[in-house]
Structures are given as structure tokens and as C-alpha cells.
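For reference, the structure discussed in these notes is given below.
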Amino acid sequence: DGKAASLAAQKNTLTIQMAKNEDEGAQLMLFGNRNVEAYEIFVTDLVSGGNVISADNIRLYQLKYLTVDDKTSSDSTYDTPSAYAGEKLPDAMLPFAKAVEYGENVILAGNNQAIYVDVSASSTDAAGTYAGTVVVKTNTNEVYTLPISVTVQDVVLPDVSGLGTYAPYL
């Protein structure tokens, strides 16, 4: 409903709420007010008192975009212009290490780049609010930091989901 994103923006904090034994994430949007020829991004360990969710349990993905052509389908029977023609829409989530390997960790001036931060909490992690830092470092050694707050609820999800599939549009 957008409320979580609005509250996070007001706090200038990346916020995630999750249960134990769950993977949950949030999207961070980077905007280039100039060309950034390369950047690195990482998240520190998340700490709540004496409890830690290791940075090893945090995965970063670069969201890629696909430009929609002017047809809704390549089938000539659907020769209707798409409402999204020429628009860039989110496509694949590329592991950030691969984006670096492929030299795609670039942000051109006036463009944005979405990063998905995915946190895994185990069934044995303590409930509480964990704090850490998202760090972005550019090729010119500029460093930007953003607090991250992960609240782990005192609820444990089962190892195997009771849902075989979830397709609400069927």
C-alpha cells in the first residue's frame, strides 16, 4: 500500500519486517545526478543487543530493466500499441557480484538503479530490531551510507510452506 516506503523515506532508513525462518527484502533506489562509472554496495552485519544477523545472510541484487516495444505481442493478431510502449519496466534481478563482473555497476546521469536487499533470518535468530548500514562506494571514493533496520518478529515460519503455489489471478 506504499505506507512502509513512505515511512522509510521519512526516516531515511531502509526498513524490513519479517518472521523467523523467512527471507524478506526491500528495494533501495540509487539516483545518478552525474555519471557513476562504477560503484560497490554492501550491507554490514545487523545487530540487536548481543544478537547478530551476519552480512553473509544478506544478498544484494541489481534490478535490470526491459524496454517494452510498441506492440503488446509479436503475434500480428495483437497489433495494438501497448500502454507501456517505450517504457522501461523491471525485469530480472541480477546478483550484484555478477553486475560487477559484467561491468554493469554503472549509473548514468539522470538515471536510477534499483538494488534489492534480501535478508534471511533463521528459525533460531532472536526476535528484535536489528540495525546495520548499507554502504555505497563510487569509483571516485565517495561513500554514501544509509541505516537499515530489520525487525524480526517472534513468529517462526515452517520449513516447508503449506501452499504448493499461489496464483491469485487464476
Checklist line | Audit row: N51, D125, side chain to side chain donor-acceptor pair (under 3.5 Å) steps and yes/no | finding: CA-CA 8 Å; N51 302 307; D125 283 329; over 6 Å; no
Can you measure from [atom1] ([X]) to [atom2] ([Y]) and round to the nearest 0.5 angstrom?
| X | Y | atom1 | atom2 | result |
| --- | --- | --- | --- | --- |
| E40 | L60 | CD | CG | 12.0 Å |
| I148 | T133 | CD1 | OG1 | 9.0 Å |
| T138 | N35 | OG1 | CG | 12.0 Å |
| N139 | N105 | CG | CG | 8.5 Å |
| I115 | M93 | CD1 | CE | 10.5 Å |

Item checked: Criterion side chain to side chain contact (heavy atoms under 4.5 Å, CB included) on N21 and D159, from CA distance to verdict -> CA-CA 7 Å; N21 206 30; D159 289 334; 2.9 Å; yes
Next item on the list: Applying salt bridge (Lys or Arg N to Asp or Glu O under 4.0 Å), name anything that partners E104, two or more places apart in sequence or on another chain.
Entry: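 E104: salt bridge (Lys or Arg N to Asp or Glu O under 4.0 Å) contacts with K64.
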If you define the side chain from C-beta out and look only at heavy atoms, does anything of [X] sit under 4.5 Å from [Y]?
| X | Y | value |
| --- | --- | --- |
| Q17 | E24 | no |
| M18 | V119 | yes |
| I58 | D118 | no |
| L146 | T13 | no |
| Y39 | V100 | no |
| V134 | L28 | yes |
| I16 | T151 | no |
| L30 | Y144 | no |

Next item on the list: Under the side chain to side chain contact (heavy atoms under 4.5 Å, CB included) rule, what do V52 and L46 come out as? Steps first, then yes or no, please.
Entry: CA-CA 6 Å; V52 175; L46 304 173; over 6 Å; no
Check: Can any side-chain N or O of D45 pair as donor or acceptor with the backbone N or O of A55 at less than 3.5 Å?
Finding: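 Yes, because the side chain of D45 sits within donor-acceptor range (under 3.5 Å) of the backbone of A55.
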Note to self: I'd like to know whether F31 forms a side chain to side chain contact (heavy atoms under 4.5 Å, CB included) with I107, so could you lay out the CA-CA distance, the side-chain angles of the two residues, the decisive distance to 0.1 Å, and finally the verdict.
What the structure shows: CA-CA 8 Å; F31 180 78; I107 305 172; over 6 Å; no
Margin query: Using side chain to side chain donor-acceptor pair (under 3.5 Å), reason through S122 and T124 one step at a time and then give a plain yes or no.
Written below: CA-CA 5 Å; S122 75; T124 59; 3.1 Å; yes
Notebook entry, point to check: V156 and S123: which non-hydrogen atoms are nearest, and at how many Å?
Noted result: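 Shortest heavy-atom separation between V156 and S123 comes out as CG1-CB, 3.8 Å.
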Notebook entry, point to check: Would a line drawn from the ring center of F96 to the ring center of Y116 be shorter than 6.0 Å?
Noted result: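 Ring-ring flag for F96/Y116: false, centres at least 6.0 Å apart.
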Next item on the list: Assess whether atom CD of E101 is packed by more than 12 heavy atoms of other residues, nucleotides or ligands within 6.0 Å.
Entry: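 Yes - once you tally the heavy atoms of other residues, nucleotides and ligands closer than 6.0 Å, there are more than 12.
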Notebook entry, point to check: Run the side chain to side chain contact (heavy atoms under 4.5 Å, CB included) check on S149 and T129 step by step: do they pass?
Noted result: CA-CA 7 Å; S149 174; T129 299; 3.4 Å; yes
